[in-house]
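Chain naming here is simple, since letters A, B, ... match the order of the sequence lines and numbering starts at 1 in each.
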Amino acid sequence: MNNSRILKKYYDKLLKNFGPQRWWPGDGPFEVMVGAVLTQNTNWGNVERAIDNLKQAGKLSATAIHNMRTDQLAQLIRPSGYFNIKAKRLKGLIKWFVNRFDGDIEKMFSRDLQGLREELLSVKGIGPETADSILLYAGNLPSFVVDAYTYRILVRHNLMFEESTYDDIKSFFEDNLPEDAAMYNEYHALLVQVGKTYCKPREPSCKACPLHEFL
DNA sequence: TGCCAGGCCGGGT
DNA sequence: ACCCGGCATGGC
């Protein structure tokens with residue numbers, strides 16, 4: 001069975017087992033963009049508290065964050081961890097967003113995918129996963145998101161080498177699946193769910209993982 | 001309790 | 001070009 005078939009069958013099975021994950025469905029692209037930074041190496045529950053704080057303070061907007069002092073922003077996002085560095089990163093992202101696109105989401109996502117990705121990566125504190133999360137989950141653009149779980153699952157099943165880069169793994173999915181943002185969205189979220197359930201760090205393998213059936 | 005969470009940067013080899 | 005420490009809160 002070739003990689004394309006493996007990935008499609010695996011997707012179908014995960015969707016059946018876990019159901020749609022509905023990541024970042026309804027609170028709007030700007031909030032998603034903020035969440036993408038806050039969730040760096042951090043569990044989502046903590047991120048929700050930080051976002052709630054921003055909402056309660058009436059600061060969940062580009063202009064509000066743009067005009068806020070970094071240390072005040074840091075206090076609001078404190079529950080998300082790494083709050084000092086994340087406050088700087090968030091300010092940097094919003095500054096770019098305001099200066100480059102007038103704080104206009106529509107304008108931002110009317111730019112072509114690859115060009116926008118390059119620009120996002122040039123913002124300090126925005127790495128490949130955060131950039132792809134923004135493109136996919138805020139912009140609904142077909143840019144596959146790779147994370148630690150994705151890497152671990154593929155490596156443990158010998159679908160990728162340990163020394164594979166982020167872009168190697170991203171391409172593995174994008175080259176073997178139809179270019180479909182809705183599917184990328186679900187697929188990544190499902191892989192995280194599998195990772196949490198079957199493929200944890202510091203365990204030598206994940207034999208109960210449903211991917212075994214296809215290999 | 002120690003380990004982990006939807007990473008990324010910067011400094012040292 | 002890699003490798004690694006630092007960043008920090010909350011949940012199990």
Side-chain angles (χ1 to χ4, degrees), chain A residues 11 14 18-27 29 31-54 56 70-96 117-141 143-156 161-170 173 181-204 206:
Chain A
Y11 176 73
L14 293 182
F18 292 106
Q21 300 297 299
R22 304 183 174 277
W23 268 21
W24 280 322
D27 290 321
E31 179 172 328
V32 173
M33 191 156 65
V34 172
V37 173
L38 296 184
T39 198
Q40 288 173 356
N41 202 39
T42 299
N43 107 45
W44 184 250
N46 286 14
V47 175
E48 286 186 318
R49 297 161 197 237
I51 289 180
D52 279 346
N53 287 349
L54 289 171
Q56 301 298 328
T70 304
D71 61 299
Q72 291 177 329
L73 178 59
Q75 287 313 306
L76 288 174
I77 65 171
R78 194 182 178 94
S80 73
Y82 305 133
F83 50 85
N84 286 313
I85 188 76
K86 282 177 181 174
K88 285 183 197 164
R89 290 176 181 178
L90 202 46
K91 289 280 282 185
L93 176 63
I94 298 307
K95 182 175 184 176
W96 166 81
R117 187 171 192 269
E118 289 305 311
E119 285 198 49
L120 280 166
L121 290 174
S122 75
V123 176
K124 186 160 301 186
I126 307 301
E129 185 181 341
T130 308
D132 288 330
S133 294
I134 291 170
L135 292 166
L136 180 59
Y137 288 100
N140 200 31
L141 298 174
S143 197
F144 204 93
V145 177
V146 175
D147 69 344
Y149 288 123
T150 315
Y151 173 84
R152 211 154 52 220
I153 290 167
L154 294 187
V155 168
R156 284 187 184 173
F161 296 115
E162 231 178 321
E163 52 273 9
S164 302
T165 65
Y166 182 97
D167 286 326
D168 290 338
I169 299 187
K170 179 182 175 61
F173 285 94
M183 184 200 205
Y184 290 1
N185 179 324
E186 275 302 332
Y187 211 144
H188 170 69
L190 286 164
L191 286 169
V192 171
Q193 191 57 46
V194 175
K196 287 178 177 171
T197 313
Y198 298 106
C199 205
K200 300 174 181 174
R202 298 186 68 71
E203 288 176 11
C206 38

**Q** Using atom C1' of each nucleotide, how far apart are B:dA5 and C:dC3 to the nearest Å?
**A**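 Going atom to atom, C1' in each nucleotide, I get 22 Å.
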
**Q** Scan residues 118-138 of chain A for pairs that pass salt bridge (charged side-chain N to carboxylate O under 4.0 Å, His left out), counting only residues two or more places apart or in two chains.
**A**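 Counting only pairs at least two positions apart or across chains, the salt bridge (charged side-chain N to carboxylate O under 4.0 Å, His left out) contacts touching residues 118-138 of chain A are A:R100-A:E119, A:R111-A:E119, A:R117-A:D132, A:D132-A:K170.
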
**Q** Can you check the distance between B:dC3 and C:dG6, where both ends of the measurement are the P atom (answer in whole Å)?
**A**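 So the two P atoms sit 16 Å from each other.
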
**Q** Side-chain contact test, heavy atoms from C-beta onward, threshold under 4.5 Å: evaluate it for A:T39 versus A:S80 and give yes or no.
**A**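 No; the side chains remain at least 4.5 Å from each other.
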
**Q** Under the ring pair (Phe, Tyr, Trp, His ring centres under 6.0 Å) test against A:F144, which residue among A:Y11, A:Y184, A:Y166 passes?
**A**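 Filter result, single survivor: A:Y184.
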
**Q** Report yes or no: does A:Q56 contribute a side-chain atom to a donor-acceptor pair with the main-chain N or O of A:L54 at less than 3.5 Å?
**A**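 Flag not set: sc A:Q56 to bb A:L54 has no pair under 3.5 Å.
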
**Q** B:dG7 C1' sits how many Å from A:L120 CG, rounded?
**A**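 It works out to 15 Å between those atoms.
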
**Q** Quick one, A:Y149 and A:L191 - any side-chain contact, counting heavy atoms below 4.5 Å?
**A**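 Of all side-chain heavy-atom pairs linking A:L191 with A:Y149, none is under 4.5 Å.
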
**Q** Below 3.5 Å is the cut-off: list the nitrogen or oxygen pairs between protein and nucleotides 10-13 of chain B, distance only.
**A**
from	atom 1	to	atom 2	distance (Å)
B:dG10	OP1	A:K124	NZ	3.3

**Q** Rounding to an integer number of angstrom, what distance separates B:dG10 and C:dA8 when you compare their P atoms?
**A**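 One P to the other, the span is 14 Å.
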
**Q** Write out a two-atom table: protein N or O, nucleotide N or O from nucleotides 9-12 of chain C, distance below 3.5 Å.
**A**
from	atom 1	to	atom 2	distance (Å)
C:dT9	OP1	A:R78	NH2	3.4
C:dT9	O2	A:N46	ND2	2.9
C:dG10	O4'	A:N46	OD1	3.1
C:dG10	O4'	A:N46	ND2	2.9
C:dG10	O3'	A:R49	NH2	3.1
C:dG11	OP1	A:R49	NH1	3.3
C:dG11	OP1	A:R49	NH2	2.4

**Q** Are any of A:N41's side-chain N or O atoms less than 4.0 Å away from OP1 or OP2 of B:dC4?
**A**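 No, A:N41 has no side-chain N/O under 4.0 Å of OP1/OP2 on B:dC4.
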
**Q** When you measure from the side chain of A:E129, which nucleotide among B:dG7, B:dA5, C:dA8 comes out closest?
**A**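 Minimum distance to the A:E129 side chain belongs to B:dG7.
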
**Q** I want to check one thing: is the phosphate of B:dC8, taken as OP1 and OP2, less than 4.0 Å away from some side-chain N or O of A:Y166?
**A**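 Looking at the OP1 and OP2 atoms of B:dC8, neither is under 4.0 Å from any side-chain N or O of A:Y166.
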
**Q** Please report, rounded to the nearest Å, how far the P atom of B:dG7 is from the CG atom of A:D147.
**A**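 Taking CG of A:D147 and P of B:dG7, I get 6 Å after rounding.
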
**Q** Heavy-atom nearest nucleotide on DNA chain B for A:L121 versus A:G45: which residue maps closer to 5'?
**A**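 Between the two, 5'-proximity favours A:G45.
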
**Q** Say you pick atom P in C:dG5 and the same atom in B:dC4; how far apart are they, in whole Å?
**A**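 Rounded to whole Å, the distance is 15 Å.
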
**Q** If every non-hydrogen atom of A:A50 is compared with every non-hydrogen atom of A:L38, which pair is closest and at what distance?
**A**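 Closest approach of A:A50 to A:L38, heavy atoms only: CB-CD1, 4.0 Å.
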
